[in-house]
Amino acid sequence: MSRSAHPAGPRHADVLPEGHYTAPPADLNALDPRVWPQTAGRTPAGSVTVGGLDVRDLAEEFGTPLYVLDEADFRARCRAWRDAFGPDADVFYAGKAFLSRAVVRWLTEEGLNLDVCSGGELSVALASGMPPERIALHGNNKSSAEIEQAVEAGVGRIVLDSFQEIVRVAHIADRLGRRQPVQIRVTVGVEAHTHEFIATAHEDQKFGLALTGGTAKPEAGGGPAAEAVRRVLKLDSLQLVGIHSHIGSQIFDTSGFEVAAHRVVGLLADIRDEHGLELPEIDLGGGLGIAYTPEDDPSEPHEIAASLREIVGRECRGAGLAVPRLSVEPGRAVVGPSACTVYETGTVKELPGLRTYVSVDGGMSDNVRTALYDAEYSVSLVSRTSDAEPMLSRVVGKHCESGDIVVRDAFLPADLAPGDLLAVPATGAYCRSMANNYNHALRPPVVAVKDGEARVIVRRETEEDLLRLDVG
Ligand SMILES: *Cc1c(COP(=O)(O)O)cnc(C)c1O
C-alpha cells in the first residue's frame, strides 16, 4: 500500500496502479505514534524532538544524514519482549538488524540474548560484555574460523544449517575439547506473506534442512532434518538441545508460526519415538513485523507471546510432549521503530502533472531497503511545521541510480525548500546495518538520544576512512 493520492494529469508508466493511493493525511505536521519513536514530539516552534533533543540541533552538531536512535524506546521494546515471554522463554535480539557496542550493553542490561551470524557480529558482542552463553551463532555458511571463534568463546548455541556443518562444528569442538550445544535449523515449508526476497522458509532456499524429501537416507524415515538429528546424536562433541525454524520477515499474523510450530513439534515427537529423547528447546525465529507507515498494524509483543505460547502448548499436548523452552528472535521489532533518519532537503524538482522529486543528502547508501525490497516508509518535514498544501512527492537520494528511492510515495508540504530537514521514521533496522559506500558515500553516524543528551555510538565515516582502505 502506498500513502499517496492519484496524481493529477497524464499517467506515466511508472505511476502506480489506481487503488494504490490513499488520500493525503489530514495533518501533514502530525507525528503518527505508530511509526515514530516513543519520545518524538514537536516543540512549540514546530521542530521535532527525539529523546528531548531538537533535530535541528542534532543536525547542526552531527551533520546529515544522521540516524537518531531513541535509547528509551529501544530499552522499552526490549523490556516489552522480555516481559511478554517471561522467565520460561528466551528472547534473542537478531544483531544483524543493527549492532553496536552500546546496543549490546543495553541488551545485556535488559535481559535479552543475542543472535549473531558472522565473526564480525560475534566480535562486537564479545567485546561489549554479552555473556557468551547468551549468544547464538547462525548462518548458512559459517567459516571454520567463525565456528572456532564461537566454540572457543563458549557461545550458548550454534544453529547447524547443513550436513557438512555438523561435521565441521563437531570436529572443531572435539579439537578444542568442548561439548558444543547446538540446534538444528529446519525449513518447515511455510511461505510467510511478505516480499519474496525476505521470505526464507520456502523449501527451495539456502537455509536449513528440510523436514521432508531430499535424498538423505529416505529409507531411514523422515527427511534431511531427521537425518541431521541422527548424525548429531552420534557425535560426542555436540549436544543437541533443540530445533530451530525461521519463517520470514515483516510478518503480521501468527498463522505462519502455527504451521511452523506444528511441524517442529512433529519432528520433536519423531525424535522421541526414534531416539527416546525429548529435546528441551524450540526456537521459532524472528520476522515479527513493524509499522513502516501508519497503515501497518502489527501486534504487540504480549499478544504475539500469548499466541505463540498457546500454539506451542497445544501442539505439545497433542503430541504428548512436555512443553520445551521457547525462544524467539526479533530484530526489526526491537530496533526498527526506535530510530529515524534525518536528511537535509536539496533539489526539489517538480514534474508537472506527475509528482515532485525531493532529493536528500543520502539515499540507497544509508537505506537500501526501498531499492532492494520495494520497502515503504513515511517521511515528515521536521525542522518546522507548514500549513502549505500537500504535494505528492518522491523522496530520492543523491546516488547515480534511478532506483535510488528513499520514500516512493509521500505527501510533503508544497512549500518544502532546500535546507529543510526531513526525517524518515522506522529506520532502526536494516538501514545502518546494510549501509554501503556506493559513490564513495560516507556512512552516517548513529546518535543515541536520551533525556536531552546525545551520544555518538557509531561515528560518521570520513574520507580518511575510505582512503585508508584504498591502499593504492
Ligand atoms: C533475520 C533473522 C531474524 C530476525 O528477523 P527480523 O525480521 O529482524 O525479526 C531472526 N532469526 C534469524 C535466523 C534470522 O535470519
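For clarity, every value in this text was computed on a predicted model and none was experimentally measured. All values below come from the heavy atoms of this structure, side chains included, with hydrogens, waters and symmetry mates left out. Numbering of ligands and ligand atoms starts at 1, following listing order.
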**OP:** Kindly confirm or rule out a cation-pi arrangement of R185 over F207, judged by NZ or CZ under 6.0 Å from the six-membered ring centre and within 45° of its axis?
**Re:** yes

Original post:
Where the closest heavy atom to atom 15 (O) of ligand 1 is concerned, which of R332, K96, H244 has it?
Top reply: K96

Subject >> Proximal ligand 1 atoms for G331, defined as those under 4.0 Å from one of its heavy atoms >> reply: 6 (P), 8 (O), 9 (O)

**OP:** Compare all side-chain heavy atoms of L126 with those of I135 and state whether any distance is below 4.5 angstrom.
**Re:** yes

Original post:
For residues D174 and S237, is any side-chain donor paired with an opposing acceptor at under 3.5 Å?
Top reply: no

Original post:
Of all the non-hydrogen atoms in the protein, which one sits nearest to atom 3 (C) of ligand 1, and at what distance?
Top reply: H246 CE1, 3.4 Å

Subject >> N/O separation below 3.5 Å, G285 to ligand 1 >> reply: no

**OP:** Among P301, P337, P330, find the one that has a side chain to side chain contact (heavy atoms under 4.5 Å, CB included) with R77.
**Re:** P337

Original post:
So which bit of P330 gets within less than 4.0 Å of ligand 1, heavy atoms only: side chain, backbone, both or neither?
Top reply: backbone

**OP:** Return yes when Y430 approaches ligand 1 closer than 4.0 angstrom through a heavy atom, no otherwise.
**Re:** yes

Original post:
For atom 9 (O) of ligand 1, what's the nearest protein heavy atom and its distance?
Top reply: G287 N, 2.8 Å

Subject >> Side-chain donor-acceptor pair present, S378, T293, cut-off under 3.5 Å >> reply: no

Original post:
S123 and Q149: side-chain donor and acceptor closer than 3.5 Å?
Top reply: yes

Original post:
Do Y292 and R332 have a side chain donor and acceptor closer than 3.5 Å?
Top reply: yes

Subject >> H138 N/O to ligand 1 N/O under 3.5 Å >> reply: no

Original post:
Side chains of D361 and T64: do they bring a donor and an acceptor to under 3.5 Å?
Top reply: yes

Original post:
Nearest protein heavy-atom contact for atom 7 (O) of ligand 1: which residue, which atom, what distance?
Top reply: S249 OG, 3.0 Å

Subject >> Region of E329 that comes within reach of ligand 1 [heavy atoms, distance under 4.0 Å] >> reply: both

Original post:
Regarding E401 and N439, is there a side-chain donor-to-acceptor distance under 3.5 Å anywhere?
Top reply: no

Original post:
Which atoms of ligand 1 have any heavy atom of R185 under 4.0 Å away?
Top reply: 13 (C)

Subject >> Proximal ligand 1 atoms for G286, defined as those under 4.0 Å from one of its heavy atoms >> reply: 9 (O), 10 (C), 11 (N)

**OP:** Would you please determine whether A429 falls within less than 4.0 Å of ligand 1 on a heavy-atom basis?
**Re:** no

